[in-house]
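Okay, so here's the structure we're looking at.
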Amino acid sequence: MSEGGLKAVFLAQRPMLLRLLVARLGSRDDAEDALQDMWLRIDQLAEQPIAQPAAFLYRVAANLATDRRIATGRRGARDAGWVEIQPRAEDLPDAERTMAARSEWQAVETAIAEMPERMATALRMFRLEERPQRAIAEHLGISVSGVEKLLQRAYRKIQDRLDSEGGDSTGPRRLDRERGSDRAG
């Protein structure tokens, strides 16, 4: 059958093809899009003999409907996965919290810069390097209780700096709660 003949069969079978696609896709708009895709595919076919053009068109329509359902399912799963991994609005800091955190961090950095070297070293080793107090004591050549005292004074200096800069001191800070932890570490 010639290309013109296949197009003629398509035009004659269009209402039935549309019903088939609506039933398979569940939407008249999606069915119309699929029919448009079919028309473009038929238009691209070279003049090839097709023994049963109506059966061929129904098979193309069924395959298009299946492909579209699979693509829709994948797209839905992809979109759901994307939405699932996105942070919620309450997880993101607002501008006010960001500015307060920056201000607080600057106050902590200033407090550490003003500390005696041994105190700042003990604090950095304990807080940043997560070294045990015993290792800090050996490094500084002092006792474990000496390290505890240095850390307590360091925490106090940081707290005083935060209080003087208007930091929020309504609740206990993490630094205060960790005082004296890892004593024998």
Side-chain angles (χ1 to χ4, degrees), residues 21-22 24-34 36-37 40 62-185:
L21 289 168
V22 168
R24 297 255 174 122
L25 297 174
S27 163
R28 184 170 178 86
D29 291 336
D30 289 342
E32 290 284 351
D33 288 344
Q36 181 65 27
D37 288 345
L40 294 174
N63 289 344
L64 274 174
T66 300
D67 291 347
R68 283 177 174 262
R69 281 196 325 264
I70 290 170
T72 300
R74 287 182 180 161
R75 185 173 35 254
R78 182 190 64 228
D79 291 348
W82 174 252
V83 168
E84 189 175 295
I85 64 169
Q86 296 304 307
R88 297 180 313 244
E90 58 269 10
D91 294 339
L92 299 173
D94 59 3
E96 184 179 343
R97 285 182 18 206
T98 301
M99 293 298 294
R102 282 186 187 147
S103 174
E104 193 171 283
W105 180 248
Q106 287 173 349
V108 169
E109 286 181 333
T110 302
I112 292 172
E114 293 173 350
M115 288 179 188
E117 184 62 32
R118 182 181 253 188
M119 184 184 298
T121 300
L123 182 67
R124 283 189 193 100
M125 290 175 76
F126 186 68
R127 299 294 299 167
L128 300 178
E129 297 173 17
E130 298 180 352
R131 294 180 59 185
Q133 290 182 8
R134 178 168 284 145
I136 298 168
E138 290 171 10
H139 178 77
L140 296 177
I142 61 175
S143 67
V144 174
S145 67
V147 171
E148 288 175 355
K149 289 175 185 168
L150 282 175
L151 292 173
Q152 287 176 0
R153 289 197 327 253
Y155 296 149
R156 209 171 301 118
K157 285 189 176 288
I158 291 171
Q159 185 65 52
D160 291 345
R161 171 59 69 172
L162 290 171
D163 290 343
S164 71
E165 303 230 351
D168 178 21
S169 61
T170 57
R173 295 196 183 276
R174 184 171 159 209
L175 295 174
D176 291 337
R177 290 191 308 240
E178 290 183 359
R179 252 187 247 164
S181 66
D182 193 17
R183 174 175 223 156

Next on the checklist: Looking at Glu96, I'd like to know if its CD atom is crowded, meaning that more than 12 non-hydrogen atoms belonging to other residues, nucleotides or ligands lie closer than 6.0 Å.
Outcome noted: no
Item to check | Nearest atoms (heavy-atom pairs only) where Pro116 meets Lys157 | outcome: CD-CE, 4.4 Å
Checklist entry - If you draw a 6.0 Å radius around CZ in Arg102, do more than 12 non-hydrogen atoms from other residues or ligands fall strictly inside? => result no
Item to check | Residue Arg28 excluded, over 12 heavy atoms near CZ under 6.0 Å | outcome: no
Checklist outcome for this item: The reported gap from OG in Ser145 to CD in Gln152 (rounded to nearest 0.5 angstrom) is 10.0 Å
Next on the checklist: Working note: Leu123 + Met119, criterion side-chain contact (heavy atoms from CB on, under 4.5 Å); need CA distance, chi angles, decisive distance, verdict.
Outcome noted: CA-CA 6 Å; Leu123 182 67; Met119 184 184 298; 5.8 Å; no
Checklist entry - Do you know which two heavy atoms are closest between Arg127 and Tyr155, and how far apart they sit? => result CD-OH, 3.6 Å
Checklist entry - Quick one: CG on Leu140 to CD on Glu117, what's the gap to the nearest 0.5 Å? => result 9.5 Å
Checklist entry - So how far is it from Gln159 CD to Ser164 OG, rounded to the nearest 0.5 Å? => result 10.0 Å
Checklist entry - Where do Asp33 and Arg68 land on the side-chain contact (heavy atoms from CB on, under 4.5 Å) test, with the steps shown first? => result CA-CA 10 Å; Asp33 288 344; Arg68 283 177 174 262; 3.6 Å; yes
Checklist entry - Are any of the side-chain heavy atoms of Val147 and Met125 separated by less than 4.5 Å? => result no
Item to check | Heavy-atom pair with the smallest gap, counting every atom of Leu21 and Ala65 | outcome: CD2-CB, 3.9 Å
Checklist entry - Below 4.5 Å, heavy atoms only, C-beta onward: do Ile136 and Glu129 meet side chain to side chain? => result no
Checklist outcome for this item: Nearest heavy-atom approach of Ala122 to Leu150 is CB-CD1, 4.1 Å
Checklist entry - At what distance, to the nearest 0.5 angstrom, does NE2 of His139 lie from CZ of Arg118? => result 10.0 Å
Item to check | Any side-chain heavy-atom pair of Glu32 and Gln36 under 4.5 Å | outcome: no
Next on the checklist: Are Met115 and Ile112 packed together at the side-chain level, in the sense that at least one heavy-atom pair is separated by less than 4.5 angstrom?
Outcome noted: yes
Checklist entry - Can you tell which of Glu109, Glu114, Glu104 makes a salt bridge (charged side-chain N to carboxylate O under 4.0 Å, His left out) with Arg161? => result Glu114
Checklist entry - Is there a side-chain contact between Asp30 and Thr72 (heavy atoms, below 4.5 Å)? => result no
Checklist entry - Would you find more than 12 non-hydrogen atoms of other residues, nucleotides or ligands less than 6.0 Å from Gln86 atom CD? => result yes
Item to check | Test side-chain contact (heavy atoms from CB on, under 4.5 Å) applied to Thr66 and Arg69, step by step | outcome: CA-CA 5 Å; Thr66 300; Arg69 281 196 325 264; 4.0 Å; yes
